[in-house]
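What follows is one structure encoded as structure tokens, with my remarks underneath.
These figures come from a predicted structure and were not determined experimentally. Throughout, protein chains are lettered first and strands after them, A, B, ... in sequence-line order, and every chain is numbered starting at 1.
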Amino acid sequence: MAFVNMKTKEVQAKIVFYGPGRGGKTTNLEYIYKKFRERIPTEMVSIKTHGDRTLFFDFLPFDIGKIMGYDVKVQLYTVPGQVKYDATRKLVLKGVDGVVFVADSQVEQRKKNVLSLKNLQENLATYKKSIFKVPLVLQYNKRDLTDMPLLPVEVMEKDLNSQLKVPSFEASAVTGQNVVPTLKKIISATMASLQNVLK
Amino acid sequence: MGSEYDDSATFSEYTLGPEQLDSIERVLQNDLIDSGVHSVMLIDMAGNIIAQNDNGQCDHDLYSLAALASANFAAVDTMAKIVGEEEFSLLFHKGESENIHFSKVNPEFLLITIFGKDVTLGLLRLKVAEAIKKINEVW
Ligand SMILES: Nc1nc2c(ncn2[C@@H]2O[C@H](COP(=O)(O)OP(=O)(O)O)[C@@H](O)[C@H]2O)c(=O)[nH]1
Ligand SMILES: [Mg+2]
């Protein structure tokens, strides 16, 4: 849940990048960090293994300026995607206000995407949140790959978005294609869900 | 699905007005900073900062600290459950010159204090307990 400080007119909201391991969640945050370096006064926090895999989360506080008279700070988190880290993944979702689901476009990752989305639904449910209600954006990542067979977007839409019907983007976290539009979309959806409290 | 979900909770399950925040900030100042604590934060379990105060000589990255503190607390709390404990009551990390102490205020909030050699752990725990009592009286 976001925290709205009526005294300092500040909003803090938590946005989590979810998805299968190696899908590109950390790379999304790294791109955002590079791109908006001047707006992010602190270092990106990454709790990772020696093998550079996310162990607990990455964290990036991002000051997006004034919305409806409030100074809005979004806290961007990634979860560890590997199946064995479900306990820590669940902890990161605590108090989440918006989710970006980063799916891997490679054909061989098709099943992992579906399982991870199902895992998101289950873990949200432990916090009494419905995947159908939480602000959510899908990102079909790694569209830049040319030497690997990729899933057609229509197939990914059918696999992941036929019931959810949320905004989706074809993206490449490595080149930065559609990374910022994904972020803008989830921020605006999250802020819209907070609208009734930001009078 | 239906009733097991609680989507109104997408927004905070708690609301704090300016007067309540003022009262909390006064407690942080009078009970903790004035007792020699270097820096103190009231955060929620999602890692948001509710209120903060320090002695003017700290330059910590508070948002990162809050994110890590809430995650650390949640991880330790989960470990407690796994070994069959309700909770581990003392969470304290001792450093060369700075120490950090975590205390649960209620199911939603944590109090994080950073203090040096000039405050003993015993005194700190006493002061934190008093502060928590007062904070819980605010709402
Ligand atoms: N070609 C390509 N590789 C990517 C893209 N996004 C991430 N990767 C690579 O995929 C691997 C896993 O990325 P990472 O961000 O660590 O995945 P995470 O486990 O979801 O955090 C890394 O080697 C990245 O360089 C992308 O858009 N295109
Ligand atoms: Mg990662």
* chain A contact via B:Thr78 - which portion, at a heavy-atom distance below 4.5 Å -> side chain
* Taking only residues two or more places apart in sequence, or in another chain, which ones meet A:Tyr33 in a side-chain hydrogen bond (donor to acceptor under 3.5 Å, both in side chains)? -> A:Arg37
* Please check if the side chain of A:Lys73 supplies one atom and the backbone of A:Gly65 the other of a donor-acceptor pair under 3.5 Å. => no
* Can you tell which of B:Ile49, B:Leu68, B:Leu21, B:Asp77 has the highest number of heavy-atom pairs within less than 4.5 Å of chain A? -> B:Ile49
* Structure fact -> So, the part of A:Leu93 with a heavy atom under 4.5 Å from chain B: the answer is neither
* Asked: What part of A:Lys14 lies closer than 4.5 angstrom to a heavy atom of chain B: side chain, backbone, both or neither?
  -> side chain
* Asked: Quick one: do A:Lys9 and A:Asp71 make a salt bridge, cutoff under 4.0 Å?
  -> no
* To do: Identify whether NZ of Lys or CZ of Arg in A:Lys25 sits under 6.0 Å from the centre of the six-membered ring of A:Phe17 and within 45° of that ring's axis.
  => no
* To do: For the pair B:Lys81 and B:Glu85, find out whether any cationic side-chain nitrogen is under 4.0 Å from an anionic carboxylate oxygen.
  => no
* Identify which of A:Asn5, A:Leu91, A:Val92 forms the greatest number of heavy-atom pairs closer than 4.5 Å to chain B. => A:Leu91
